Amino acid sequence: MEFVSGYRDEFLDFAALLFGWFRKFVAERGAVGASLEGRWRQLEAQIRRLPQDPALWVLHVLPNRSVGISLGQGAEPGPGSGLGAARLLGEEPPLHLRDLSPYVSFVSLEDGEEGEEEEENEEEEKGEDEDAGPEKVEPEEDGEPATTSRESPQEANPPGEPEEAEQEAGGGEDACREDRAEDETGPEKRKGRRSETAPLHLSCLLLVTDEHGTILGIDLLMDGAQGSAGRGSRTENLAPRAYALLCHSMACPMGSGDPRKPRQLTVGDAQLHRELESLVPRLGVKLAKTPMRSWGPRPGFTFASLRARTCHVCHKHSFEVKLTPCPQCGAVLYCGEACLLADWRRCPDDVSHRFWCPRLAAFMERAGELATLPFTYTAEVTSETFNKEAFLASRGLTRGYWTQLSMLIPGPGMPRHPRGNTPSLSLLLSGDPYQLLQGDGPTLMPPVPLDSPRSLFGSWQDYYTWRGLSLDSPMAVLLTYPLTVYYVITHLVPQSFPELNIQNKQSLKIHVVEAGKEFDLVMVFWELLVLLPHVALELQFVGDDLPPESDQQHFTLQRDGPELSVRPGSGVSARLSSGTKEKGGRRDLQIKVSARPYHLLQGPKPDLVIGFNSGFGLKDTWLSSLPRLQSLRVPAFFTESSEYGCVMDDQTMAVATGGGTSPPQPNPFRSPFRLRAADNCMPWYCNAFLFHLVYKPTQGSGARPAPGPAPPAPIPAAPPAPARRRRGEKKPGRGARRRR
């Protein structure tokens with residue numbers, strides 16, 4: 001699949017942005033530092049002419065004492081610095097953090113145990129994000145940037161500073177590279193470590209942000225092997241490096257916006273503040289009288305969601321080149337005419353932008369429809385510039401299941417949110433089945449209504465009204481999963497498969513396929529007991545992304561009058577109050593787990609199969625799972641985060657089985673949060689569209705053609721480029737299958 005915006009972990013796009021900017025900074029700093037003083041004076045004069053940013057800028061100095069970086073054997077391939085950074089971009093970028101685990105991991109430097117921090121190359125952000133509140137940056141703590149001896153490399157020394165920046169330097173920042181790791185292997189090889197190389201030590205992080213949390217620049221101070229750091233060193237050599245970082249952040253800001261200089265700058269370290277007093281005025285920037293004593297100048301400070309915009313073809317970021325969308329469809333971003341033409345003329349024809357341009361234009365026309373939601377915050381969360389981190393932080397949505405939506409990652413030693421397996425249910429023993437759905441503020445979920453629903457809900461407005469939720473409540477972001485299952489059972493299955501008479505069944509067995517993310521939010525499905533109180537449900541989560549330790553687990557959620565019980569398969573039970581008295585008998589929601597691909601699952605045939613944001617073309621196991629579903633011939637419904645994904649799923653289904661998919665339709669219970677896209681402007685929402693599989697007719701049965709996507713629009717004229725005669729239009733229909 002060509003676009004992966006709705007399927008890739010946002011943290012990976014964020015990491016690619018940081019390391020892309022860092023590599024450019026290292027290269028340009030080395031070039032300036034190796035030239036004459038005149039280059040620095042020229043750069044300073046250029047910055048003095050930049051427009052002024054009214055926001056306050058902050059230079060943070062963040063020491064790190066406890067976490068080292070261990071590079072795996074796969075870290076060396078590809079251009080650029082290591083840490084698997086080369087694999088963050090390219091033709092087949094990773095989709096999940098765990099995909100980088102063979103190339104980089106994080107280890108404890110304190111007790112010698114390999115603390116496997118699954119978050120890839122961004123552990124510097126880890127320490128910042130959740131520790132953001134009370135942390136103080138005092139000059140003494142800069143003892144940790146211990147390696148000022150290793151920091152001098154490649155420093156962009158301002159005029160007047162000795163320019164002895166040796167080229168040992170590629171290591172300073174590029175120290176993440178494996179060749180650097182090999183140089184450091186011999187000394188300080190840690191006792192008892194199985195790794196062949198000692199871990200690299202990120203001794204200090206220099207970070208430039210504005211007062212709103214937008215990251216503008218970053219510099220990594222690497223120590224190399226553990227123990228090579230001078231534990232008592234201070235920040236005396238940080239000034240030239242910090243000055244170079246400030247200049248580059250103004251000339252080429254990582255976050256949104258054009259080059260600019262701040263109205264005022266404050267520094268998070270007293271000694272560095274003194275050393276910059278004579279340098280910063282050269283840029284026409286006012287330095288605060290005193291250093292910053294706390295993490296952020298505002299109580300609500302949080303990192304802004306950065307838009308990691310990239311060219312669809314060459315993957316260059318917006319801070320490197322100016323990106324513009326295709327002038328005809330407005331959907332795909334390019335850095336210039338060369339990349340646009342390369343994508344336009346790609347072979348075979350059905351993977352070229354020429355073939356897809358009219359279809360993408362039609363997808364773009366659905367943006368307004370997808371953004372039509374009844375919530376008070378709709379305009380904010382459906383905007384292309386939606387700052388999700390600020391939205392979650394401002395509403396206190398920083399714990400429980402809400403952490404699954406955020407890029408905030410607990411730092412070392414902080415408790416992590418457990419995966420949604422049976423042990424995590426012990427968190428519910430306080431008596432509230434919605435505990436993990438709550439934020440830090442007032443209760444988000446009201447008590448369960450006394451009366452069962454008297455009509456079927458077909459919109460968020462109807463459901464919120466019956467459930468007693470305010471339209472200002474963000475619960476739709478989490479409840480999109482159970483409400484989508486409810487909508488499939490009550491609306492789509494009766495429409496598409498009336499012979500099943502599913503609405504009159506007293507029990508339903510549902511398989512949730514490729515359900516790694518949904519299983520992490522397993523307790524949101526308890527809402528199905530509220531919506532379908534007279535149906536006993538069994539949800540079986542299936543997929544090789546599920547935690548292996550959860551395989552074959554089985555537990556039951558029960559509503560017995562005013563109580564809910566959580567009973568693991570072992571027979572241990574716990575009573576939880578549901579906040580209401582219910583008329584009628586016991587109704588169960590059984591949860592089963594099978595950590596394996598769907599085609600390897602053995603057991604009874606389900607009544608219904610459902611998958612969320614499936615992405616058939618992104619995982620090879622679908623080529624086996626789809627034929628398995630066709631052999632079962634059960635109703636199988638799937639959601640997608642974009643209309644483009646639905647078309648690609650239809651093609652994959654045709655290749656795997658000879659069947660197809662039904663025309664996609666907007667899901668009324670889609671998530672209101674717009675997903676960020678790196679290389680395109682298409683509207684992406686979690687569970688945005690719904691479709692079902694159309695199986696290939698069996699031999700001897702009446703032919704039932706598989707409906708495909710909407711008929712293709714006419715092939716457009718050539719893009720803005722030298723005019724040339726084009727061949728006749730491609731015949732309508734399914735056409736050649738797109739290669740994966």
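The model shown is predicted, which means the values in this text are computed figures rather than measured ones.
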For D679, all residues meeting salt bridge (charged side-chain N to carboxylate O under 4.0 Å, His left out), sequence neighbours excluded: none
Partner residues of K316 under the salt bridge (charged side-chain N to carboxylate O under 4.0 Å, His left out) criterion, sequence neighbours left out: none
Residues D462 and S459: side-chain donor-acceptor under 3.5 angstrom: yes
Side-chain heavy-atom pair L397, P474 within 4.5 angstrom cut-off: yes
Ion pair check, E384 and R309, cut-off under 4.0 Å: yes
Check: C681 and M364 side chains under 4.5 Å, non-hydrogen atoms: yes
Check: A476 main-chain N/O paired with Y464 side-chain donor or acceptor under 3.5 Å: yes
Backbone N/O of R399 and side chain of T403: donor-acceptor pair under 3.5 Å: no
Side chain K388, main chain L405, donor-acceptor under 3.5 Å: yes
Any pair counted as salt bridge (charged side-chain N to carboxylate O under 4.0 Å, His left out), so long as it reaches residues 360-376, sequence neighbours left out: R366-E369, R366-E643
T480 (side chain) donor-acceptor with F669 (main chain) under 3.5 angstrom: yes
4.5 Å side-chain heavy-atom contact, I610 and V488: yes
Non-neighbouring partners of R674 that pass salt bridge (charged side-chain N to carboxylate O under 4.0 Å, His left out), sequence neighbours left out: none
Donor-acceptor contact present, side-chain E211 to main-chain V58, <3.5 Å: no
Basic-acidic side-chain contact under 4.0 Å: D210, R260: no
Reported CG-to-CG distance for the pair L528 and L539, which is rounded to 0.5 angstrom: 6.0 Å
Check: T209 and W57 side chains under 4.5 Å, non-hydrogen atoms: no
Check: S473 side chain, L469 main-chain N or O, donor-acceptor pair, under 3.5 Å: no
Min side-chain heavy-atom separation P668-W460 under 4.5 Å: no
Distance, nearest 0.5 Å, that separates CG of L478 from CE of M445: 10.0 Å
Backbone N/O of T639 and side chain of N687: donor-acceptor pair under 3.5 Å: no
Salt bridge (charged side-chain N to carboxylate O under 4.0 Å, His left out) partners of E527, counting only residues at least two apart: R467
Side chains of S614 and E514, donor plus acceptor under 3.5 Å: no
Aromatic centroids of F673 and Y685 separated by under 6.0 Å: no
Verdict with supporting geometry, L531 and L483, side-chain contact (heavy atoms from CB on, under 4.5 Å): CA-CA 9 Å; L531 292 165; L483 267 295; 3.9 Å; yes
Aromatic plane relationship, W684 with Y7 - under 30° parallel, 30 to 60° tilted, over 60° perpendicular: perpendicular
C204 vs V61 side-chain heavy atoms within contact, under 4.5 Å: yes
R263/D53 ion pair, N-O < 4.0 Å: no
Donor-acceptor pair, side chain of Y481 and main chain of V522, under 3.5 angstrom: no
Pairs meeting criterion salt bridge (charged side-chain N to carboxylate O under 4.0 Å, His left out) with involvement of residues 470-479, two or more places apart: R395-D472
Main-chain N/O of F616 paired with D649 side-chain donor or acceptor, under 3.5 Å: yes
From CA spacing to verdict: side-chain contact (heavy atoms from CB on, under 4.5 Å), Y334, V332: CA-CA 7 Å; Y334 300 101; V332 187; 3.5 Å; yes
Stepwise side-chain contact (heavy atoms from CB on, under 4.5 Å) check, L479 with L437: CA-CA 9 Å; L479 294 176; L437 281 65; 4.2 Å; yes
Residue of the set Y644, W356, F363 for which ring-ring contact (aromatic ring centres under 6.0 Å, His included) holds with F3: Y644
Check: G368 main-chain N/O paired with T372 side-chain donor or acceptor under 3.5 Å: yes
Output field: ring centroids F691/F637 closer than 6.0 Å: no
F319 side chain reached by L216 side chain, heavy atoms, under 4.5 Å: no
Evaluation steps, side-chain contact (heavy atoms from CB on, under 4.5 Å), between H312 and N680: CA-CA 7 Å; H312 178 62; N680 66 89; over 6 Å; no
Whether F519 and F541 hold their rings parallel, tilted or perpendicular, with breakpoints at 30° and 60°: tilted
Aromatic ring proximity F612/F638, centre distance under 6.0 Å: no
Geometric class of the F25/H248 ring pair [parallel <30°, tilted 30-60°, perpendicular >60°]: tilted
Heavy-atom side-chain contact between I215 and F14 under 4.5 Å: yes
